Amino acid sequence: HLCRIGKGRVKQLLRRIFPHPHLTILLTLVWILLANKPSLNSLVFGLILGIIIPFITQPYWPDRPKVRNWPMVVEYMLVVLWDIVVANVTVARIILFKRNDKRQPNWICVPLELRTPEAITVLAGTITMTPGTVSCDLSAQGHNLLVHCLDAPDPEAVRDQIKQRYERRLKEIFE
């Protein structure tokens, strides 16, 4: 019967069953990892969750974000992972060896060129996941992000680094 239906209708049917295919795969994999022991049961149940959860939450995703550059996603993830490792070492050195009176915590306002909520959310989450920094507030218009740094003797350099390492890549990914 699939031959008579046509490719377009098959795609529509698959899109109805799997409204967010990447999320389906991710949820299935996360479930298998949470089960601690890969088995056919955990795969089947993970797949069921991977189908049901995106299907139920579909009305809340009217304008799904479009990823424009998948190779840049991989690059972004590698940059973030590297920065998290480096920041862990840096924060440990600050905590262990830098006297409190020598630390220079700072609030930094990062002007944003990003406009999509998904890209801004990923940027804020990335900053918060990186030890030593935390995203604290987003301006009402979404044009500025307030970041607190554990030790930032040069706030402009931190701002420029955030824009260059993260925002530039996110702009290529989402916009």
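Keep in mind the model is a prediction, meaning the values are calculated, not measured.
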Out of curiosity, does [Y] fall in the hydrophobic cluster containing [X] (side-chain heavy atoms, cut-off under 4.5 Å, transitive links)?
{"X": "V147", "Y": "I94", "answer": "no"}
{"X": "F55", "Y": "F45", "answer": "no"}
{"X": "L43", "Y": "W31", "answer": "no"}
{"X": "M77", "Y": "L29", "answer": "no"}
{"X": "I173", "Y": "V79", "answer": "yes"}

Main-chain N/O of [Y] paired to [X] side chain as donor or acceptor, under 3.5 Å:
{"X": "K163", "Y": "P111", "value": "yes"}
{"X": "E175", "Y": "R115", "value": "yes"}
{"X": "N106", "Y": "A152", "value": "yes"}

Where do [X] and [Y] come nearest, in terms of heavy atoms and distance?
{"X": "S135", "Y": "T128", "value": "N-OG1, 3.1 Å"}
{"X": "L114", "Y": "L170", "value": "CD2-C, 4.0 Å"}
{"X": "T24", "Y": "G50", "value": "OG1-O, 2.8 Å"}
{"X": "I84", "Y": "M129", "value": "CG1-O, 4.0 Å"}
{"X": "H143", "Y": "Q141", "value": "CD2-CB, 3.1 Å"}

How long is the span from the [atom1] atom in [X] to the [atom2] atom in [Y], to the nearest 0.5 Å?
{"X": "I53", "Y": "L23", "atom1": "CD1", "atom2": "CG", "value": "7.5 Å"}
{"X": "L81", "Y": "T130", "atom1": "CG", "atom2": "OG1", "value": "10.0 Å"}
{"X": "I95", "Y": "L150", "atom1": "CD1", "atom2": "CG", "value": "5.0 Å"}

Is any side-chain heavy atom of [X] closer than 4.5 Å to a side-chain heavy atom of [Y]?
{"X": "T28", "Y": "L49", "answer": "no"}
{"X": "K37", "Y": "S42", "answer": "no"}
{"X": "C149", "Y": "Q104", "answer": "no"}

Residue among L112, T121, L123 satisfying side-chain contact (heavy atoms from CB on, under 4.5 Å) with L138
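Option passing the side-chain contact (heavy atoms from CB on, under 4.5 Å) with L138: L112.
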Scan residues 67-89 for pairs that pass side-chain hydrogen bond (donor to acceptor under 3.5 Å, both in side chains), counting only residues two or more places apart or in two chains.
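Matches after skipping sequence neighbours: E75-R169, Y76-T126, D83-R165, D83-Y166.
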Hey, are E172 and R168 close enough for a salt bridge, meaning a charged N less than 4.0 Å from a carboxylate O?
yes
From CA spacing to verdict: side chain to side chain contact (heavy atoms under 4.5 Å, CB included), I108, I162:
CA-CA 11 Å; I108 299 168; I162 288 171; 5.7 Å; no
